[in-house]
Amino acid sequence: MLFSLKSKLPGLPTIAASLLMVCASFSQAMEQQAFEQAMDGLPKGKASVASRLKALQDLRYRWIMESYPEAATFEGYRAVERNWSDVSAAGMARRKAQTRTLLTFSRQLDKGKLTPEQQLDYQLLYQDLLLEVKGFQFPQHLLPINHMSGIQRNIPSVLGAMAQANFEDYQTILARLEKLPTLVQQTQELMTTGLKQKLTPPQITLRDLPAQLRALIPSDAKQSPLLKTFYQMPTSISAAEQAALQRRAETLYRKALVPVWRELAEFIERQYIPGAVTDTAFTNMPDGMRWYAHRIRNETTTSLSAEEIHQLGLIEVERIRKEMESIIRKMEFDGDFKAFTEFLRTDPRFYHSSKQELMAHYRDIAKRIDGELPQLFGLLPRLPYGVKQIPSYAEKSQTTAYYMPGSIEAGRAGVFFANTYNLNSRPIWEMEALTVHEAMPGHHLQIALAQEQSNLHPLRRYNHYTAFVEGWGLYSESLGYDLGLYRDPYSEFGALTFDMWRAVRLVVDTGMHQLGWTRQQAIDYFAANSAKPLHDITVEIDRYLVWPGQALAYKIGQLRIKELRQRAEKALGSKFDIRAFHDQLLGAGSVPLTVLEARMNQWLKSQEQALAKQWVAS
């Protein structure tokens with residue numbers, strides 16, 4: 001899973017959504033006067049269409065950075081690092097109006113006068129603006145926080161991503177912390193409005209939320225994730241300056257931060273959870289059928305309906321189940337599928353005895369993978385990545401793992417975060433597939449390569465379409481065989497378990513939100529078709545309840561990429577070059593699946609023409 005703000009910040013544009021991990025807060029939008037001046041400054045009249053498109057891209061990028069300072073921090077855009085997103089009613093209204101203005105201007109461009117690559121730039125810019133405006137009809141902003149995402153999750157990550165090289169950097173962090181109470185209060189106001197309108201996450205999913213908030217404000221300020229950076233300052237800052245910064249941070253913590261976070265926790269505990277909706281189907285929200293359909297379109301970048309996706313999921317579950325049962329037969333296991341999965345869930349041989357052992361094993365797998373990558377890719381990223389534990393304050397309700405993008409501009413490596421909570425739910429047989437997905441050649445390779453495409457505008461380099469990014473991550477799991485992984489039947493079964501996991505998502509997400517399934521039905525279906533531990537299954541089901549539609553993108557994207565590869569292998573035969581195929585697939589950065597298919601079809605046609613010319617010449 002990519003650490004992305006997309007499903008966390010209400011109405012967040014695709015690029016800004018892509019730059020963070022999880023989930024929830026809006027910022028100081030570009031002031032209206034500055035925005036109007038910028039619009040007035042866009043080329044008009046006899047200016048070329050290409051120059052007008054470039055100017056619009058530049059403005060859109062600047063608008064996103066200044067409207068969503070959290071995303072700007074992750075990209076290394078430091079001009080707004082003292083700010084938070086403005087989630088007030090006025091701030092959101094201003095952003096919506098400005099977005100509509102940008103969309104109107106984009107419609108005035110004659111794309112017929114652009115080169116093919118410029119036309120793609122235009123298409124992606126226009127589609128993103130249009131989809132964002134269409135989303136304004138749904139009150140996503142009234143669902144700013146849940147157990148998976150929200151300010152309790154993204155604020156510590158944002159603070160940790162800020163520059164921390166000198167005394168001035170820490171003054172900037174302090175200035176940002178001073179503004180944090182406003183963001184917390186604005187978030188509570190949104191939740192209060194949502195509560196009145198019966199727009200909340202399902203009550204059952206909110207059980208761990210108060211504890212997540214209180215974990216940010218322990219009695220010892222030194223243990224707070226909000227102040228973590230103040231107790232790991234570089235030696236370039238003198239001891240006296242460090243002490244002064246720490247005193248200021250601790251005073252701010254006691255007087256301003258603890259009270260506002262405590263108030264939010266108490267509000268959630270005493271009012272929000274008791275008053276939250278008990279219905280788990282997203283389609284039972286006001287206008288929920290259309291809202292869910294919009295989310296599916298946004299996440300999968302396809303026109304597939306919930307019913308079509310459900311049927312596709314049933315077909316995939318049946319296919320993968322047959323492969324899993326074939327492995328069980330080859331192993332001559334004494335028992336059926338249910339007995340074998342129970343064996344995998346409970347036998348001590350499949351679990352590490354300490355968090356340190358678990359993390360060391362992940363790092364070993366990552367290093368083994370790195371040495372095999374040149375056989376599958378002609379171009380590899382320069383940006384490195386690390387492997388770290390998911391922070392303890394978030395681990396209980398967090399998924400198995402996630403990836404946080406790095407940034408060359410910000411001087412920050414990518415990170416594969418692994419969950420070490422409850423070691424008995426972290427089986428060894430799933431570790432290889434998980435590492436391939438989150439690190440290399442999955443998220444880190446794809447995202448870092450996109451960031452390093454200097455020929456692409458930042459709007460393209462940092463954009464993340466879930467179906468492409470997560471589809472690539474899931475497709476990458478199948479590359480584990482080429483990388484020399486999955487050498488024993490248990491790890492091979494683990495790889496199939498991960499594929500099954502994403503196929504089950506198609507069934508249970510649409511089942512719960514469109515077809516009347518209960519939460520327990522979804523849990524039982526998942527458990528009956530997978531070896532994943534029950535804790536993981538429950539966390540996953542609750543994730544689908546609060547992020548409806550998001551999890552559908554993985555398998556939809558994977559199937560499209562596999563289809564494109566099979567088509568190329570069939571057409572090119574022995575001349576098929578897997579390195580060239582992967583380089584072409586990733587060469588335009590993240591794009592919608594419809595765009596990806598068109599690009600790869602064009603590439604395949606050029607390859608076939610080149611082969612035909614060689615045949616004629618010979």
Side-chain angles (χ1 to χ4, degrees), residues 3 5 9 12 16 19-22 24-31 34 61-88 91 151-187 216-217 221-258 260-261 391 404-413 415 458 462:
F3 182 81
L5 280 184
L9 297 190
L12 187 61
L19 296 173
L20 285 184
M21 154 154 156
V22 162
S25 90
F26 274 57
S27 155
Q28 200 105 24
M30 210 177 191
E31 289 299 330
Y61 180 72
R62 175 191 163 195
W63 181 91
I64 292 172
M65 294 297 99
E66 294 187 13
S67 296
Y68 304 94
E70 297 91 340
T73 292
F74 277 80
E75 190 172 336
Y77 186 101
R78 300 188 61 184
V80 291
E81 271 203 318
R82 291 172 178 254
N83 297 332
W84 299 103
S85 298
D86 176 9
V87 289
S88 68
I151 54 175
Q152 84 284 10
R153 286 296 181 83
N154 72 10
I155 297 306
S157 298
V158 171
L159 294 171
M162 293 179 68
Q164 301 163 36
N166 52 51
F167 183 78
E168 290 70 26
D169 288 339
Y170 280 87
Q171 287 183 310
T172 298
I173 296 174
L174 280 169
R176 199 171 209 175
L177 282 172
E178 288 173 351
K179 296 180 179 180
L180 183 55
T182 299
L183 175 60
V184 178
Q185 291 163 351
Q186 289 178 341
T187 301
L216 299 180
I217 50 172
K222 296 182 179 64
Q223 302 302 315
S224 172
L226 300 173
L227 299 194
K228 183 178 179 181
T229 59
F230 289 91
Y231 301 100
Q232 48 186 221
M233 285 186 260
T235 56
S236 58
I237 302 176
S238 70
E241 288 177 324
Q242 289 191 28
L245 289 168
Q246 289 168 355
R247 284 194 299 272
R248 287 179 59 193
E250 290 174 11
T251 298
L252 176 63
Y253 177 78
R254 290 192 306 272
K255 293 185 176 181
L257 299 182
V258 170
V260 75
W261 283 102
M404 180 180 288
S407 167
I408 291 178
E409 290 83 357
R412 188 183 67 255
V415 182
Y462 292 95

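Given the structure is predicted, the values throughout are model-derived calculations rather than measurements. The first residue in the sequence is number 1, and the count goes up from there.
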Engineer: Taking all atoms of both residues into account, what is the closest heavy-atom pair of G76 and S407, and its distance?
Structural biologist: N-OG, 4.4 Å

Engineer: Verify, without hydrogens or angle tests, whether S224 (side chain) and L216 (backbone) share a donor-acceptor contact under 3.5 angstrom.
Structural biologist: yes

Engineer: How would you list, by chain and number, every residue that makes a salt bridge (Lys or Arg N to Asp or Glu O under 4.0 Å) with K222, sequence neighbours excluded?
Structural biologist: E250

Engineer: Check side chain to side chain contact (heavy atoms under 4.5 Å, CB included) between V184 and all other residues, then give those that pass, not counting sequence neighbours.
Structural biologist: I151, L180, V260, W261, L264

Engineer: Under the side chain to side chain donor-acceptor pair (under 3.5 Å) rule, collect the residues that match up with T229, sequence neighbours excluded.
Structural biologist: none

Engineer: With E178, which residues qualify under side chain to side chain contact (heavy atoms under 4.5 Å, CB included), at least two apart?
Structural biologist: R248, L252

Engineer: Can you name the side chain to side chain donor-acceptor pair (under 3.5 Å) partners of R82, sequence neighbours left out?
Structural biologist: none

Engineer: For E81, what residues pass the side chain to side chain donor-acceptor pair (under 3.5 Å) criterion, not counting sequence neighbours?
Structural biologist: R78

Engineer: Who pairs with V415 by side chain to side chain contact (heavy atoms under 4.5 Å, CB included), at least two apart in sequence or on another chain?
Structural biologist: K388, F417

Engineer: Under 4.5 Å between any side-chain heavy atoms of V80 and Y68, yes or no?
Structural biologist: no

Engineer: Filter on ring pair (Phe, Tyr, Trp, His ring centres under 6.0 Å), then keep only pairs touching residues 231-258, sequence neighbours left out; what's left?
Structural biologist: none

Engineer: Which residues pass the side chain to side chain donor-acceptor pair (under 3.5 Å) test with E241, sequence neighbours left out?
Structural biologist: S238

